[in-house]
Amino acid sequence: MDSGLPETDRALIARVEARDAQALALLYDRYASRLLGLGQRILGDTGEAEEVLQEVFLFVWRAAATFDPARGSVLAWLLVATRSRAIDRVRTRRPAARAGLRTVERVPDRPDPRDVEADSAAREWETLCRSAIAQLPPEQKVALELAYFEGLTHQEIARKTSTPLGTVKTRVRLGLMKLKDRIRPYRQGGTHGT
Amino acid sequence: MAHSERLEELATVQALGTPLGDEGAEFFAHLRDGCATCELLLVEFREAANAFAAEVPAVRPRPEIREKILASLGPARGLGEPQGPPLISRLPAPPEPSGRWVRVLVGLAAALVLFFIATDDLRLRRQREELQSQTAQLAEHLDNARRDLARKDLRVRVLESDDVKILFLGGQGPQPGARAKVFWSEKAKRGILVAGNLAPLEPGKQYELWVFAQGKPVPAGVFDADPAGRALFESPDLSAIASAQNFAVTIEPRGGVPAPTGPIVLVGKPS
(Lines give C-alpha, C1' and ligand atoms only; values in the text may rest on other atoms or scores of the structure.)
Protein backbone atom coordinates (compact mmCIF):
# COMPACT_ATOMS: atom_id res chain seq x y z
CA MET A 1 0.00 0.00 0.00
CA ASP A 2 1.42 3.31 -1.00
CA SER A 3 -0.16 5.22 1.87
CA GLY A 4 1.86 3.18 4.37
CA LEU A 5 -1.31 2.46 6.34
CA PRO A 6 -2.18 -1.18 6.91
CA GLU A 7 -5.07 -2.40 4.83
CA THR A 8 -8.17 -3.37 6.74
CA ASP A 9 -9.02 -7.03 7.06
CA ARG A 10 -12.12 -6.51 4.97
CA ALA A 11 -10.09 -4.96 2.16
CA LEU A 12 -7.76 -7.96 2.25
CA ILE A 13 -10.69 -10.38 2.12
CA ALA A 14 -12.05 -8.51 -0.91
CA ARG A 15 -8.64 -8.91 -2.59
CA VAL A 16 -8.56 -12.62 -1.71
CA GLU A 17 -11.99 -12.96 -3.26
CA ALA A 18 -10.44 -11.50 -6.42
CA ARG A 19 -7.80 -14.25 -6.25
CA ASP A 20 -4.97 -12.08 -4.93
CA ALA A 21 -2.58 -14.47 -3.21
CA GLN A 22 -0.58 -11.64 -1.70
CA ALA A 23 -3.65 -10.51 0.22
CA LEU A 24 -3.99 -14.03 1.63
CA ALA A 25 -0.31 -13.90 2.60
CA LEU A 26 -0.89 -10.60 4.42
CA LEU A 27 -3.84 -12.06 6.30
CA TYR A 28 -1.70 -15.07 7.14
CA ASP A 29 1.10 -12.88 8.48
CA ARG A 30 -1.42 -10.95 10.53
CA TYR A 31 -3.24 -13.85 12.17
CA ALA A 32 -1.47 -17.21 11.64
CA SER A 33 0.34 -17.06 15.00
CA ARG A 34 -2.86 -16.42 16.88
CA LEU A 35 -4.76 -19.13 15.00
CA LEU A 36 -1.97 -21.68 15.48
CA GLY A 37 -1.89 -20.86 19.21
CA LEU A 38 -5.63 -21.47 19.43
CA GLY A 39 -5.44 -24.71 17.44
CA GLN A 40 -2.59 -25.97 19.60
CA ARG A 41 -4.45 -25.06 22.80
CA ILE A 42 -7.52 -27.02 21.69
CA LEU A 43 -5.76 -30.00 20.11
CA GLY A 44 -2.72 -30.25 22.37
CA ASP A 45 -0.77 -31.28 19.30
CA THR A 46 1.36 -29.00 17.13
CA GLY A 47 1.24 -31.17 13.99
CA GLU A 48 -2.55 -31.32 13.98
CA ALA A 49 -2.77 -27.60 14.75
CA GLU A 50 -0.58 -26.89 11.70
CA GLU A 51 -2.91 -29.02 9.54
CA VAL A 52 -5.88 -27.03 10.82
CA LEU A 53 -4.05 -23.78 10.07
CA GLN A 54 -3.52 -24.91 6.47
CA GLU A 55 -7.15 -25.99 6.14
CA VAL A 56 -8.33 -22.62 7.42
CA PHE A 57 -6.29 -20.57 4.96
CA LEU A 58 -7.26 -22.83 2.06
CA PHE A 59 -10.86 -22.38 3.19
CA VAL A 60 -10.37 -18.59 3.19
CA TRP A 61 -8.92 -18.81 -0.31
CA ARG A 62 -11.86 -20.86 -1.59
CA ALA A 63 -14.64 -19.25 0.39
CA ALA A 64 -13.67 -15.58 0.84
CA ALA A 65 -16.90 -14.68 -0.95
CA THR A 66 -18.91 -16.23 1.87
CA PHE A 67 -17.49 -13.83 4.46
CA ASP A 68 -20.34 -11.65 5.69
CA PRO A 69 -19.25 -8.54 7.65
CA ALA A 70 -22.72 -8.33 9.18
CA ARG A 71 -21.98 -11.58 11.01
CA GLY A 72 -18.77 -10.40 12.66
CA SER A 73 -15.19 -9.36 12.06
CA VAL A 74 -12.64 -11.12 9.88
CA LEU A 75 -10.70 -12.12 12.98
CA ALA A 76 -13.87 -13.64 14.49
CA TRP A 77 -14.50 -15.49 11.21
CA LEU A 78 -10.97 -16.92 11.23
CA LEU A 79 -11.14 -17.86 14.91
CA VAL A 80 -14.49 -19.61 14.42
CA ALA A 81 -13.13 -21.48 11.38
CA THR A 82 -10.05 -22.57 13.34
CA ARG A 83 -11.90 -23.50 16.50
CA SER A 84 -14.66 -25.46 14.73
CA ARG A 85 -12.13 -27.52 12.76
CA ALA A 86 -10.03 -28.18 15.85
CA ILE A 87 -13.07 -29.12 17.96
CA ASP A 88 -14.32 -31.42 15.16
CA ARG A 89 -11.01 -33.25 15.33
CA VAL A 90 -11.20 -33.49 19.12
CA ARG A 91 -14.72 -34.91 18.91
CA THR A 92 -13.74 -37.58 16.42
CA ARG A 93 -11.00 -38.85 18.70
CA ARG A 94 -11.77 -41.85 20.85
CA PRO A 95 -12.45 -40.82 24.46
CA ALA A 96 -9.27 -42.44 25.76
CA ALA A 97 -7.08 -40.88 23.11
CA ARG A 98 -8.85 -37.57 23.64
CA ALA A 99 -8.19 -37.63 27.37
CA GLY A 100 -4.57 -38.55 26.77
CA LEU A 101 -3.88 -35.82 24.28
CA ARG A 102 -5.57 -33.20 26.42
CA THR A 103 -3.00 -33.64 29.12
CA VAL A 104 -0.14 -32.80 26.77
CA GLU A 105 1.21 -29.38 27.61
CA ARG A 106 3.50 -27.94 25.00
CA VAL A 107 5.54 -24.87 25.55
CA PRO A 108 4.68 -22.51 22.72
CA ASP A 109 7.37 -20.86 20.68
CA ARG A 110 8.02 -17.29 21.58
CA PRO A 111 5.73 -15.21 19.42
CA ASP A 112 7.46 -13.08 16.87
CA PRO A 113 7.28 -9.50 18.14
CA ARG A 114 6.53 -8.36 14.60
CA ASP A 115 3.51 -10.66 14.50
CA VAL A 116 1.98 -9.81 17.81
CA GLU A 117 3.22 -6.61 19.34
CA ALA A 118 3.44 -4.40 16.31
CA ASP A 119 -0.27 -4.59 15.78
CA SER A 120 -1.98 -2.08 18.01
CA ALA A 121 -5.46 -3.26 17.06
CA ALA A 122 -4.59 -6.81 18.10
CA ARG A 123 -3.12 -5.47 21.35
CA GLU A 124 -6.26 -3.49 22.03
CA TRP A 125 -8.43 -6.55 21.39
CA GLU A 126 -6.25 -8.76 23.60
CA THR A 127 -6.21 -6.29 26.46
CA LEU A 128 -9.95 -5.79 26.35
CA CYS A 129 -10.67 -9.52 26.16
CA ARG A 130 -8.29 -10.43 28.97
CA SER A 131 -9.72 -7.72 31.17
CA ALA A 132 -13.28 -8.85 30.38
CA ILE A 133 -12.43 -12.47 31.20
CA ALA A 134 -10.62 -11.50 34.40
CA GLN A 135 -13.81 -9.82 35.63
CA LEU A 136 -15.92 -12.97 35.17
CA PRO A 137 -16.87 -14.96 38.27
CA PRO A 138 -14.62 -18.08 38.35
CA GLU A 139 -17.49 -20.54 37.87
CA GLN A 140 -18.68 -18.72 34.73
CA LYS A 141 -15.13 -18.59 33.39
CA VAL A 142 -14.62 -22.32 33.96
CA ALA A 143 -17.90 -23.23 32.24
CA LEU A 144 -17.07 -21.06 29.22
CA GLU A 145 -13.49 -22.35 28.97
CA LEU A 146 -14.75 -25.95 28.96
CA ALA A 147 -17.20 -25.07 26.18
CA TYR A 148 -14.75 -22.99 24.14
CA PHE A 149 -11.53 -24.99 24.39
CA GLU A 150 -12.89 -28.51 24.86
CA GLY A 151 -16.13 -28.17 22.90
CA LEU A 152 -18.11 -29.63 25.79
CA THR A 153 -21.90 -29.44 25.72
CA HIS A 154 -23.86 -28.08 28.67
CA GLN A 155 -24.58 -31.65 29.77
CA GLU A 156 -20.91 -32.60 29.61
CA ILE A 157 -19.90 -29.51 31.59
CA ALA A 158 -22.55 -30.36 34.19
CA ARG A 159 -21.17 -33.88 34.54
CA LYS A 160 -17.54 -32.78 34.58
CA THR A 161 -18.08 -30.10 37.23
CA SER A 162 -20.76 -32.00 39.18
CA THR A 163 -23.07 -29.05 38.71
CA PRO A 164 -26.80 -29.11 37.89
CA LEU A 165 -27.53 -28.65 34.18
CA GLY A 166 -29.68 -25.57 34.79
CA THR A 167 -26.87 -23.90 36.73
CA VAL A 168 -24.43 -24.59 33.88
CA LYS A 169 -26.82 -23.08 31.32
CA THR A 170 -27.22 -19.98 33.47
CA ARG A 171 -23.46 -19.61 33.98
CA VAL A 172 -22.75 -19.88 30.24
CA ARG A 173 -25.48 -17.40 29.33
CA LEU A 174 -24.54 -14.85 32.00
CA GLY A 175 -20.83 -15.22 31.22
CA LEU A 176 -21.33 -14.60 27.51
CA MET A 177 -23.66 -11.67 28.25
CA LYS A 178 -20.98 -10.03 30.42
CA LEU A 179 -18.21 -10.65 27.89
CA LYS A 180 -20.40 -9.31 25.10
CA ASP A 181 -21.08 -6.08 26.98
CA ARG A 182 -17.43 -5.62 27.93
CA ILE A 183 -15.93 -6.16 24.49
CA ARG A 184 -18.57 -4.06 22.75
CA PRO A 185 -16.20 -1.02 22.63
CA TYR A 186 -13.88 -3.04 20.37
CA ARG A 187 -16.73 -4.09 18.08
CA GLN A 188 -17.74 -0.48 17.75
CA GLY A 189 -14.25 0.95 17.32
CA GLY A 190 -12.08 -1.88 15.96
CA THR A 191 -9.48 -0.67 13.51
CA HIS A 192 -8.86 -3.75 11.42
CA GLY A 193 -11.93 -3.37 9.39
CA THR A 194 -13.94 -5.40 11.80
CA MET B 1 -42.42 -17.42 17.68
CA ALA B 2 -41.86 -14.74 20.33
CA HIS B 3 -38.35 -13.89 21.47
CA SER B 4 -37.60 -15.40 24.88
CA GLU B 5 -34.82 -15.99 27.38
CA ARG B 6 -34.74 -19.64 26.36
CA LEU B 7 -34.05 -18.66 22.74
CA GLU B 8 -31.24 -16.42 24.00
CA GLU B 9 -29.87 -19.47 25.79
CA LEU B 10 -30.01 -21.42 22.51
CA ALA B 11 -28.13 -18.54 20.88
CA THR B 12 -25.31 -19.07 23.39
CA VAL B 13 -25.20 -22.78 22.52
CA GLN B 14 -25.11 -22.03 18.79
CA ALA B 15 -22.47 -19.32 19.27
CA LEU B 16 -20.26 -21.83 21.11
CA GLY B 17 -20.68 -24.29 18.24
CA THR B 18 -22.04 -27.07 20.46
CA PRO B 19 -24.86 -29.31 19.15
CA LEU B 20 -28.33 -27.80 19.59
CA GLY B 21 -30.10 -31.17 19.39
CA ASP B 22 -33.87 -31.17 18.97
CA GLU B 23 -34.05 -27.49 19.84
CA GLY B 24 -31.96 -26.57 16.79
CA ALA B 25 -34.96 -26.67 14.44
CA GLU B 26 -36.91 -24.36 16.73
CA PHE B 27 -34.02 -21.90 17.03
CA PHE B 28 -33.31 -21.75 13.30
CA ALA B 29 -37.01 -21.35 12.55
CA HIS B 30 -36.98 -18.42 14.97
CA LEU B 31 -34.03 -16.89 13.11
CA ARG B 32 -35.78 -17.44 9.76
CA ASP B 33 -38.79 -15.61 11.21
CA GLY B 34 -36.43 -12.63 11.31
CA CYS B 35 -35.70 -12.09 15.00
CA ALA B 36 -33.17 -9.26 14.76
CA THR B 37 -32.40 -9.54 18.49
CA CYS B 38 -31.31 -13.18 18.24
CA GLU B 39 -29.42 -12.50 14.99
CA LEU B 40 -27.43 -9.75 16.70
CA LEU B 41 -26.97 -11.77 19.88
CA LEU B 42 -25.56 -14.65 17.87
CA VAL B 43 -22.94 -12.37 16.30
CA GLU B 44 -22.11 -10.74 19.63
CA PHE B 45 -21.97 -14.05 21.52
CA ARG B 46 -19.58 -15.47 18.89
CA GLU B 47 -17.32 -12.45 19.30
CA ALA B 48 -17.62 -12.73 23.08
CA ALA B 49 -16.68 -16.43 23.06
CA ASN B 50 -13.67 -15.60 20.90
CA ALA B 51 -12.38 -13.45 23.76
CA PHE B 52 -10.93 -16.69 25.15
CA ALA B 53 -8.64 -16.90 22.13
CA ALA B 54 -6.95 -13.75 23.45
CA GLU B 55 -5.85 -15.71 26.52
CA VAL B 56 -3.93 -18.20 24.41
CA PRO B 57 -0.29 -17.35 23.62
CA ALA B 58 0.35 -16.84 19.91
CA VAL B 59 2.61 -19.50 18.41
CA ARG B 60 4.67 -18.58 15.40
CA PRO B 61 4.21 -21.18 12.65
CA ARG B 62 7.19 -22.75 10.93
CA PRO B 63 8.01 -20.87 7.71
CA GLU B 64 7.31 -24.03 5.67
CA ILE B 65 3.62 -23.84 6.58
CA ARG B 66 3.22 -20.45 4.90
CA GLU B 67 5.12 -21.65 1.85
CA LYS B 68 3.03 -24.82 1.68
CA ILE B 69 -0.26 -22.90 1.81
CA LEU B 70 0.79 -20.36 -0.81
CA ALA B 71 2.23 -23.04 -3.06
CA SER B 72 -0.99 -25.01 -2.93
CA LEU B 73 -2.98 -22.01 -4.23
CA GLY B 74 -0.81 -22.06 -7.32
CA PRO B 75 -1.07 -19.95 -10.44
CA ALA B 76 -1.56 -23.27 -12.24
CA ARG B 77 -5.19 -23.08 -11.13
CA GLY B 78 -5.53 -20.04 -13.33
CA LEU B 79 -6.94 -18.06 -10.45
CA GLY B 80 -4.99 -14.88 -11.00
CA GLU B 81 -1.57 -13.55 -10.25
CA PRO B 82 -0.34 -12.19 -6.93
CA GLN B 83 0.46 -8.51 -6.79
CA GLY B 84 3.87 -7.21 -5.82
CA PRO B 85 6.76 -9.56 -5.25
CA PRO B 86 5.86 -13.09 -6.31
CA LEU B 87 4.79 -15.22 -3.33
CA ILE B 88 4.05 -18.26 -5.42
CA SER B 89 6.66 -19.77 -7.64
CA ARG B 90 5.83 -18.89 -11.19
CA LEU B 91 5.75 -21.33 -14.05
CA PRO B 92 9.03 -21.61 -15.96
CA ALA B 93 9.27 -19.68 -19.21
CA PRO B 94 8.74 -21.89 -22.29
CA PRO B 95 12.09 -23.13 -23.61
CA GLU B 96 13.02 -22.60 -27.20
CA PRO B 97 13.55 -26.19 -28.40
CA SER B 98 10.21 -27.81 -29.32
CA GLY B 99 11.12 -31.19 -27.67
CA ARG B 100 11.61 -29.53 -24.29
CA TRP B 101 8.43 -27.53 -24.83
CA VAL B 102 6.45 -30.76 -25.23
CA ARG B 103 8.07 -32.25 -22.11
CA VAL B 104 7.20 -29.12 -20.12
CA LEU B 105 3.60 -29.31 -21.33
CA VAL B 106 3.38 -32.99 -20.38
CA GLY B 107 4.92 -32.19 -16.98
CA LEU B 108 2.51 -29.33 -16.49
CA ALA B 109 -0.45 -31.55 -17.37
CA ALA B 110 0.78 -34.18 -14.91
CA ALA B 111 1.20 -31.50 -12.23
CA LEU B 112 -2.33 -30.28 -12.91
CA VAL B 113 -3.73 -33.80 -12.57
CA LEU B 114 -1.81 -34.32 -9.32
CA PHE B 115 -3.01 -30.95 -8.03
CA PHE B 116 -6.66 -31.78 -8.73
CA ILE B 117 -6.27 -35.22 -7.14
CA ALA B 118 -4.74 -33.61 -4.05
CA THR B 119 -7.48 -30.94 -3.92
CA ASP B 120 -10.18 -33.55 -4.30
CA ASP B 121 -8.56 -35.68 -1.63
CA LEU B 122 -8.54 -32.69 0.74
CA ARG B 123 -12.21 -32.04 -0.02
CA LEU B 124 -13.12 -35.69 0.56
CA ARG B 125 -11.14 -35.79 3.79
CA ARG B 126 -12.95 -32.68 4.99
CA GLN B 127 -16.32 -34.21 4.06
CA ARG B 128 -15.41 -37.41 5.88
CA GLU B 129 -14.38 -35.45 8.97
CA GLU B 130 -17.64 -33.49 8.86
CA LEU B 131 -19.65 -36.72 8.57
CA GLN B 132 -17.68 -38.28 11.42
CA SER B 133 -18.34 -35.21 13.52
CA GLN B 134 -22.06 -35.28 12.74
CA THR B 135 -22.19 -39.01 13.52
CA ALA B 136 -20.45 -38.46 16.84
CA GLN B 137 -22.87 -35.65 17.71
CA LEU B 138 -25.89 -37.79 16.81
CA ALA B 139 -24.54 -40.75 18.79
CA GLU B 140 -24.00 -38.50 21.78
CA HIS B 141 -27.50 -37.10 21.43
CA LEU B 142 -28.94 -40.62 21.22
CA ASP B 143 -26.98 -41.67 24.32
CA ASN B 144 -28.29 -38.66 26.23
CA ALA B 145 -31.85 -39.40 25.11
CA ARG B 146 -31.51 -43.05 26.16
CA ARG B 147 -30.15 -42.06 29.54
CA ASP B 148 -32.97 -39.53 30.05
CA LEU B 149 -35.53 -42.15 29.07
CA ALA B 150 -34.01 -44.72 31.43
CA ARG B 151 -34.04 -42.18 34.26
CA LYS B 152 -37.66 -41.25 33.63
CA ASP B 153 -38.60 -44.92 33.43
CA LEU B 154 -36.86 -45.55 36.74
CA ARG B 155 -38.65 -42.63 38.39
CA VAL B 156 -41.98 -43.89 37.15
CA ARG B 157 -41.25 -47.41 38.36
CA VAL B 158 -40.14 -46.25 41.81
CA LEU B 159 -42.41 -43.29 42.48
CA GLU B 160 -45.56 -44.80 41.02
CA SER B 161 -45.09 -48.33 42.27
CA ASP B 162 -47.79 -49.45 44.71
CA ASP B 163 -45.21 -50.41 47.34
CA VAL B 164 -43.26 -47.14 47.44
CA LYS B 165 -42.19 -46.16 50.96
CA ILE B 166 -40.99 -42.74 52.00
CA LEU B 167 -38.20 -42.82 54.54
CA PHE B 168 -37.05 -39.66 56.32
CA LEU B 169 -33.36 -39.25 57.06
CA GLY B 170 -32.14 -36.76 59.67
CA GLY B 171 -28.80 -34.96 59.98
CA GLN B 172 -26.10 -36.50 62.16
CA GLY B 173 -22.55 -35.85 63.31
CA PRO B 174 -20.89 -33.03 61.37
CA GLN B 175 -24.11 -32.05 59.55
CA PRO B 176 -27.00 -31.93 62.03
CA GLY B 177 -28.97 -29.61 59.72
CA ALA B 178 -28.99 -32.02 56.74
CA ARG B 179 -32.32 -33.54 55.71
CA ALA B 180 -33.35 -36.16 53.15
CA LYS B 181 -36.11 -38.45 51.98
CA VAL B 182 -35.68 -41.79 50.28
CA PHE B 183 -38.46 -43.10 48.02
CA TRP B 184 -37.92 -46.84 48.12
CA SER B 185 -39.64 -49.55 46.12
CA GLU B 186 -39.08 -53.04 47.46
CA LYS B 187 -40.34 -54.52 44.20
CA ALA B 188 -38.02 -52.46 42.00
CA LYS B 189 -35.21 -52.69 44.58
CA ARG B 190 -34.36 -49.12 43.82
CA GLY B 191 -34.49 -45.86 45.73
CA ILE B 192 -34.50 -42.16 44.96
CA LEU B 193 -32.87 -39.88 47.49
CA VAL B 194 -33.81 -36.20 47.71
CA ALA B 195 -31.54 -34.32 50.09
CA GLY B 196 -31.13 -30.73 51.21
CA ASN B 197 -28.93 -28.60 53.43
CA LEU B 198 -25.86 -30.70 52.69
CA ALA B 199 -22.51 -29.04 53.33
CA PRO B 200 -19.94 -28.63 50.55
CA LEU B 201 -17.24 -31.30 50.71
CA GLU B 202 -13.51 -30.91 50.43
CA PRO B 203 -11.96 -32.00 47.09
CA GLY B 204 -11.62 -35.76 46.73
CA LYS B 205 -14.71 -36.50 48.85
CA GLN B 206 -18.24 -37.58 47.92
CA TYR B 207 -21.43 -38.53 49.69
CA GLU B 208 -22.17 -42.27 49.68
CA LEU B 209 -25.60 -43.80 50.22
CA TRP B 210 -25.92 -47.03 52.21
CA VAL B 211 -28.85 -49.37 52.46
CA PHE B 212 -29.01 -51.61 55.51
CA ALA B 213 -30.02 -55.20 54.79
CA GLN B 214 -29.92 -57.88 57.46
CA GLY B 215 -28.21 -55.38 59.71
CA LYS B 216 -25.31 -54.71 57.35
CA PRO B 217 -24.62 -51.62 55.20
CA VAL B 218 -24.60 -52.24 51.44
CA PRO B 219 -23.15 -49.50 49.18
CA ALA B 220 -25.87 -47.84 47.09
CA GLY B 221 -23.88 -45.30 45.08
CA VAL B 222 -22.07 -41.98 45.44
CA PHE B 223 -23.34 -38.50 44.66
CA ASP B 224 -22.48 -34.81 44.94
CA ALA B 225 -24.56 -31.96 46.27
CA ASP B 226 -25.08 -28.83 44.20
CA PRO B 227 -23.76 -25.46 45.43
CA ALA B 228 -27.08 -24.91 47.25
CA GLY B 229 -26.57 -28.15 49.21
CA ARG B 230 -29.26 -30.09 47.32
CA ALA B 231 -28.98 -33.54 45.79
CA LEU B 232 -31.23 -35.80 43.77
CA PHE B 233 -29.79 -39.28 43.50
CA GLU B 234 -31.19 -42.46 42.00
CA SER B 235 -29.74 -45.66 43.40
CA PRO B 236 -28.54 -48.46 41.14
CA ASP B 237 -30.40 -51.77 41.02
CA LEU B 238 -30.07 -53.30 44.50
CA SER B 239 -31.78 -56.60 43.78
CA ALA B 240 -28.94 -58.42 45.57
CA ILE B 241 -30.41 -57.40 48.90
CA ALA B 242 -33.39 -59.20 50.40
CA SER B 243 -35.06 -56.20 51.99
CA ALA B 244 -34.08 -52.61 52.87
CA GLN B 245 -34.25 -51.94 56.60
CA ASN B 246 -32.66 -48.53 56.80
CA PHE B 247 -30.63 -45.94 54.91
CA ALA B 248 -27.66 -43.75 55.76
CA VAL B 249 -25.30 -41.34 54.03
CA THR B 250 -21.62 -41.00 54.89
CA ILE B 251 -18.74 -38.90 53.59
CA GLU B 252 -16.26 -41.07 51.70
CA PRO B 253 -13.32 -40.77 49.28
CA ARG B 254 -14.49 -39.83 45.76
CA GLY B 255 -15.74 -42.89 43.89
CA GLY B 256 -16.99 -44.60 47.04
CA VAL B 257 -15.80 -47.46 49.27
CA PRO B 258 -17.23 -50.98 49.80
CA ALA B 259 -17.77 -50.43 53.55
CA PRO B 260 -18.38 -47.14 55.38
CA THR B 261 -15.28 -45.41 56.74
CA GLY B 262 -16.31 -41.74 57.06
CA PRO B 263 -18.68 -39.85 59.33
CA ILE B 264 -22.44 -40.47 59.07
CA VAL B 265 -24.25 -37.29 58.01
CA LEU B 266 -27.75 -38.69 57.40
CA VAL B 267 -29.53 -41.67 58.88
CA GLY B 268 -33.16 -42.81 59.05
CA LYS B 269 -35.53 -45.63 59.72
CA PRO B 270 -38.35 -47.01 57.61
CA SER B 271 -41.72 -45.66 58.71
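Per chain, numbering begins at 1; letters A, B, ... match sequence-line order. Hydrogens, waters and symmetry mates play no part in the numbers below; they use all other heavy atoms, side chains included.
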Does the side chain of [Y] come within less than 4.5 Å of [X]'s, by heavy atoms?
X: B:Glu8; Y: A:Met177; value: yes
X: B:Phe223; Y: B:Leu193; value: yes
X: A:Arg19; Y: A:Trp61; value: yes

Checking [X] against chain B: side chain, backbone, both or neither under 4.5 Å from a heavy atom?
X: A:Leu136; result: side chain
X: A:Ile133; result: side chain
X: A:Ser84; result: neither
X: A:Ala32; result: both
X: A:Glu139; result: neither
X: A:Lys178; result: neither

Which of B:Thr12, B:Asn50, B:Leu41 touches chain A most, by non-hydrogen pairs under 4.5 Å: B:Asn50
Scan residues 153-175 of chain A for pairs that pass ring pair (Phe, Tyr, Trp, His ring centres under 6.0 Å), counting only residues two or more places apart or in two chains.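 Sorted pair list comes back empty.
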With a 4.5 angstrom heavy-atom cut-off, is it the side chain or the backbone of B:Asp224 that approaches chain A, or both, or neither?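 Side chain only.
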Under a 4.0 Å N-O cut-off, is there an ion pair linking B:Lys68 with A:Glu50?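 No, no charged N to carboxylate O under 4.0 Å.
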Of A:Leu35, A:Thr153, A:Thr163, the largest count of non-hydrogen pairs under 4.5 angstrom with chain B goes to A:Thr153
Side chains of A:Tyr148 and B:Glu55: any donor to acceptor distance under 3.5 Å? no
Could you check whether the rings of B:Phe52 and A:Phe149 sit parallel, tilted or perpendicular, using 30° and 60° as the cut-offs? perpendicular
